[in-house]
Amino acid sequence: MRIFKRTKVSSTGLRLAAVAGLVAMLGACGGVELEGVSGLDPQGSEFNQQLYAGYIELSANELGEHDYRDSDYFASKAAIAARGDDVRPTALEERLIPADKIEELAKARNRLMAMLFASGKGKAPISAAHAQLSFDCWMQEQEEGHQPDDISECRNAFYGSVVAAEVAMRPAPPPPPPEPEPSYVTYYVVFFDFDKSDLSDAAMQTLDEAAGTALEMKPYKILIRGHTDRAGPDAYNLKLSEQRALSVASYLIDQGAGRFVIHAEGLGEAEPIAKTSDNVADGRNRRAEVSLIEAE
């Protein structure tokens, strides 16, 4: 028996036309249950509607192989599904299963039942129905025992479908934790003359404002970073940038900001505002940056 394909219920009508023709040819030989259920309008959940379509297909396949008993068996299950009633997977005692196959089938049925009675029918109705249909197909083929390819096809379809349903049932992962609030930073910049670290009147005016703001906001930390342009040796410029940072720190302390943590550092020629070639003097890079950090 070739296993059914997963299909939407809306396509059932097309298959039922073919089933009706098959019933007309073979009905006289038995397997008449299919004829009575092949034109029903399935009720109930999507899970039941999928079961109905699948059991109709299984019944038709068995009828085509002149297995009238199993055709009627699957047709009767289709009728139950069409009414929206509970259709249980084939129980092990319903089939004569070889002793060496019972353990795997028993475990498979337990897994199927656990999935169905958790949330599989609602969260993954197509996969859950396909798992049940594949299990019933596996049981029927295993009882017959003479078509190993069909047994393997039903078995593999069962495992693929039950895994798909179990995955769909997993709870959604928790949302990622919120991004930490960034530190609030108030930012000031002062500039220096060439090769100088003393403060100009404009720089002091800016630092007066920075000190006043610090006294109001009470920052967690004041970070001062001194910079130079690219004129002169690297080592000299690093020391000059440190002197500029210390000049700013000393002024802020004199203005009352010494009650806060102040960290002053020099970066030399690193992190220029204006990207220049080496040995180029550019006033935009001769600066100290003051950051009033409210929270760590």
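Values below: every heavy atom of this structure, side chains too, minus hydrogens, waters and symmetry copies.
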The side-chain hydrogen bond (donor to acceptor under 3.5 Å, both in side chains) partners of Lys107 (sequence neighbours excluded) come to Glu103
Closest non-hydrogen contact found for Tyr52 with Ala81 is N-CB, 3.8 Å
Exactly one of Arg230, Glu242, Glu269, Arg286 clears side-chain hydrogen bond (donor to acceptor under 3.5 Å, both in side chains) with Asn237, and that residue is Glu269
Which of Glu143, Glu62, Glu144, Glu94 passes salt bridge (charged side-chain N to carboxylate O under 4.0 Å, His left out) with Arg69? Answer is Glu143
Cluster overlap Leu223 with Ile273, hydrophobic side-chain contacts below 4.5 Å: no
Contacts of Phe192 meeting ring-ring contact (aromatic ring centres under 6.0 Å, His included) (sequence neighbours excluded), chain-then-number -> none
In terms of heavy-atom contacts, Val189 and Thr206 come closest through O-CG2, 3.8 Å
Assigning hydrophobic clusters by single linkage (Ile, Leu, Val, Met, Phe, Trp, Tyr; side-chain heavy-atom cutoff under 4.5 Å), is Val163 placed with Met169?
yes
Query - Leu292 backbone acceptor or donor facing Glu294 side chain under 3.5 Å - result: no
So salt bridge (Lys or Arg N to Asp or Glu O under 4.0 Å) across residues 74-91, not counting sequence neighbours, yields Lys77-Asp136, Arg83-Asp85, Asp86-Arg88, Asp86-Lys121
| said: I want to check something: taking the side chain as every heavy atom from C-beta on, are Leu105 and Phe158 in contact at a cut-off of under 4.5 Å? | reply: no
Contacts of Glu104 meeting salt bridge (Lys or Arg N to Asp or Glu O under 4.0 Å) (sequence neighbours excluded), chain-then-number -> Arg155
* To do: Go through the steps to decide whether Asp67 and Tyr73 satisfy the test side chain to side chain donor-acceptor pair (under 3.5 Å), and finish with yes or no.
  => CA-CA 10 Å; Asp67 183 350; Tyr73 174 78; over 6 Å; no
Interatomic distance, CG@Leu133 vs OG1@Thr90, rounded to 0.5 Å, equals 9.5 Å
In this structure, CZ of Arg95 is separated from CD of Glu141 (nearest 0.5 Å) by 9.0 Å
| query | Do Leu96 and Tyr68 belong together in a cluster built from hydrophobic side chains that touch within less than 4.5 Å? | reply | no
Given 3.5 Å as the limit, does a donor-acceptor pair link the side chain of Ser200 with the main chain of Ala203, or not? yes
Value for CG (Leu240) from CG (Asp229), rounded to nearest 0.5 Å, stands at 8.5 Å
Tightest non-hydrogen contact, residues Val162 and Ala131, listed as N-CB, 3.9 Å
For a quick test of your reading: what N or O donor-acceptor pairs under 3.5 Å do the side chains of residues 243-254 make, sequence neighbours left out?
residue: Arg244; atom: NE; partner: Lys196; partner atom: O; Å: 2.7
residue: Arg244; atom: NH1; partner: His227; partner atom: O; Å: 2.9
residue: Arg244; atom: NH2; partner: Asp193; partner atom: O; Å: 3.3
residue: Arg244; atom: NH2; partner: Lys196; partner atom: O; Å: 3.1
residue: Ser247; atom: OG; partner: Ser197; partner atom: O; Å: 2.8
residue: Ser247; atom: OG; partner: Gln243; partner atom: O; Å: 3.0
residue: Tyr251; atom: OH; partner: Asp208; partner atom: OD1; Å: 2.6
residue: Tyr251; atom: OH; partner: Asp208; partner atom: OD2; Å: 3.4

Here the gap from Cys154 atom SG to Gln142 atom CD, rounded to the nearest 0.5 Å, amounts to 10.0 Å
Q) Taking the side chain as C-beta and beyond, is there a heavy-atom pair between Asn48 and Pro42 under 4.5 Å? A) no
Residues at least two apart in sequence or cross-chain that pass side-chain contact (heavy atoms from CB on, under 4.5 Å) with Val261, listed by chain then number, are Lys221
Residue set satisfying side-chain hydrogen bond (donor to acceptor under 3.5 Å, both in side chains) with Ser152, at least two apart, ordered chain then number -> Asn156
Correct closest heavy-atom pair for Ala214 and Ile222 would be CB-CD1, 4.2 Å
Applying side-chain hydrogen bond (donor to acceptor under 3.5 Å, both in side chains) to Ser59 and not counting sequence neighbours gives Ser71
request  = Indicate, with yes or no, if Met204 and Tyr188 share a hydrophobic cluster defined by side-chain heavy-atom contacts under 4.5 Å among Ile, Leu, Val, Met, Phe, Trp and Tyr.
outcome  = yes
Looking only at heavy atoms, the pair that brings Ile56 and Ser38 closest together is CD1-CA, 3.8 Å
Residues passing the side-chain contact (heavy atoms from CB on, under 4.5 Å) test with Ala274, sequence neighbours excluded, are Thr276, Asp282, Arg284, Asn285
Next item on the list: Taking the side chain as every heavy atom from C-beta outward, state whether Pro89 and Leu116 have any pair of such atoms under 4.5 Å apart.
Entry: yes
Whether over 12 other heavy atoms sit under 6.0 Å from Asp198 CG: yes
Does NZ in Lys239 sit with more than 12 non-hydrogen atoms of other residues, nucleotides or ligands closer than 6.0 Å?
no
In this structure, OG1 of Thr213 is separated from NZ of Lys218 (nearest 0.5 Å) by 12.0 Å
Rounded to the nearest 0.5 Å, the OG atom of Ser127 sits from the CD atom of Gln132 at a distance of 13.5 Å
- So do Ile224 and Ile262 actually touch side chain to side chain, heavy atoms under 4.5 Å? yes
Contacts of Glu209 meeting side-chain hydrogen bond (donor to acceptor under 3.5 Å, both in side chains) (sequence neighbours excluded), chain-then-number -> none
| task | Just say parallel, tilted or perpendicular for the rings of Tyr55 and Phe74, cut-offs at 30° and 60°. | result | parallel
Nearest heavy-atom contact between Gly122 and Pro125 is O-CD, 3.6 Å
Taking Thr228 for its side chain and Ser241 for its backbone only, find out whether a donor-acceptor pair lies under 3.5 Å. no
Hits for salt bridge (Lys or Arg N to Asp or Glu O under 4.0 Å) against Arg109, two or more places apart or cross-chain, chain-then-number order -> none
In short, salt bridge (Lys or Arg N to Asp or Glu O under 4.0 Å) pairs touching residues 163-177 with sequence neighbours left out are Arg111-Glu166
(request) Report whether Leu92 and Tyr159 are members of the same hydrophobic cluster (ILVMFWY, side-chain heavy atoms less than 4.5 Å apart, transitive linking). (result) yes
